[in-house]
Amino acid sequence: RAHVAKLFRILDEHGVHVEGGRALDFGCGVGRLTRPIAERFTHTVGVDVAKSMVAIARTHNTHGARCEFVVNPHPDLRQFASGSVDFVHSCLVLQHIPPDVSPSYISEFLRILRPGGVAVFQAPAQVLTDAEIDARLALPQDGYYIVRQRNAHAWAEIWQAGTGWVRVDPTAAVAPERVVRGRSLR
């Protein structure tokens with residue numbers, strides 16, 4: 001719910017008006033984001049490739065006929081007519097689709113949007129080879145890290161232009177003293 005509220009707040013702040021007609025949530029999984037999207041639209045469809053996820057989403061649907069969940073076994077969105085939706089949403093999905101397929105889904109998002117519709121999606125910013133991924137996930141040469149609760153961090157990496165990948169600690173915003181105390185993971 002918070003993700004959807006923030007998304008629409010950002011759209012409003014940028015003067016983007018979204019009609020409340022039909023919405024599509026691509027890669028809906030169990031419908032965690034589809035349900036709050038449905039609160040803003042006359043009809044919302046959650047789409048996923050996994051039958052098991054769609055089955056769970058259907059059991060949690062509290063919006064009746066206003067919200068439906070469908071399986072999409074195709075490499076496109078052929079089951080949706082061109083210009084048939086006002087809003088397309090896809091969060092943390094396209095990076096799990098092969099890079100040669102995901103651009104065609106983006107084209108499909110635009111095809112099914114009505115004129116003036118809005119598509120919001122995340123796309124991978126960099127494609128890594130299997131070897132690059134393996135190298136990034138490899139254990140250090142000298143063994144294992146020992147992480148104790150007192151210096152545990154939720155490390156993430158971000159790409160900074162001109163610098164490359166930089167390790168950041170998103171918990172620093174909540175507890176900056178942890179960054180000062182526990183910089184080392186060894």
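Sequential numbering from 1 along the given sequence is applied to the chain's residues.
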Linking I/L/V/M/F/W/Y whenever any side-chain heavy atoms sit under 4.5 Å apart, do [X] and [Y] land together?
| X | Y | value |
| --- | --- | --- |
| L7 | L33 | yes |
| F41 | V118 | yes |
| L11 | V88 | no |
| L113 | V93 | yes |

*Which residue pairs pass the ring pair (Phe, Tyr, Trp, His ring centres under 6.0 Å) test when at least one of the two sits in residues 59-83, sequence neighbours left out?*
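Matches after skipping sequence neighbours: none remain.
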_side-chain contact (heavy atoms from CB on, under 4.5 Å) partners for A55, two or more places apart_ =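 Scan of A55 (side-chain contact (heavy atoms from CB on, under 4.5 Å), adjacent residues dropped) gives none.
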*Please identify each residue that fulfils side-chain contact (heavy atoms from CB on, under 4.5 Å) with R32, with sequence neighbours left out.*
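So R32 forms no side-chain contact (heavy atoms from CB on, under 4.5 Å) with any residue.
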*Any chance you could pull the hydrophobic cluster mates of I56, using side-chain heavy atoms under 4.5 angstrom and chaining through other members?*
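Taking Ile, Leu, Val, Met, Phe, Trp and Tyr as members, I56 shares its hydrophobic cluster with V30, M53.
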*Side-chain hydrophobic cluster, 4.5 Å single linkage: members besides V49*: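 Cluster partners of V49: none, it stands alone.
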Restricting to pairs with a member in [range], which pass salt bridge (charged side-chain N to carboxylate O under 4.0 Å, His left out), not counting sequence neighbours?
| range | result |
| --- | --- |
| residues 41-54 | none |
| residues 62-86 | D76-R78, D86-R114 |
| residues 33-42 | R1-E39 |

*Measure across A57 and G31 and return the closest heavy-atom pair with its distance rounded to 0.1 Å.*
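Between these two residues, the closest heavy atoms are CB-N, 3.9 Å.
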*Check V71 against P73 and note the closest heavy-atom contact, atom names and distance.*
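The answer is O-CD, 3.6 Å.
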*Scan V45, V54, V47 and name whichever one has a side-chain contact (heavy atoms from CB on, under 4.5 Å) with N72.*
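One option only clears the test, and that one is V47.
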*How long is the span from the CD atom in Q122 to the SG atom in C91, to the nearest 0.5 Å?*
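Answer for the CD-SG pair, Q122 versus C91, is 4.0 Å.
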*List in chain and number order the residues that pass side chain to side chain donor-acceptor pair (under 3.5 Å) with S82, two or more places apart in sequence or in another chain; answer none if no residue qualifies.*
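For S82, the residues satisfying side chain to side chain donor-acceptor pair (under 3.5 Å) (neighbours in sequence not counted) are R111.
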*Who pairs with D12 by salt bridge (charged side-chain N to carboxylate O under 4.0 Å, His left out), at least two apart in sequence or on another chain?*
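Once residues adjacent in sequence are excluded, D12 has no partner under the salt bridge (charged side-chain N to carboxylate O under 4.0 Å, His left out) criterion.
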*asked:* Among residues at least two apart in sequence or on other chains, which ones pass ring pair (Phe, Tyr, Trp, His ring centres under 6.0 Å) with F8?
replied: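 With sequence neighbours excluded, F8 shows a ring pair (Phe, Tyr, Trp, His ring centres under 6.0 Å) to F87, given in chain and number order.
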In residues 14-29, what donor-acceptor pairs under 3.5 Å come from side-chain atoms, sequence neighbours left out?
unit_1	atom_1	unit_2	atom_2	d
H14	ND1	I10	O	2.9
H17	NE2	E19	OE2	3.4
R22	NE	S84	O	3.2
D25	OD1	H89	ND1	2.8
D25	OD2	T34	N	3.3
D25	OD2	T34	OG1	2.6

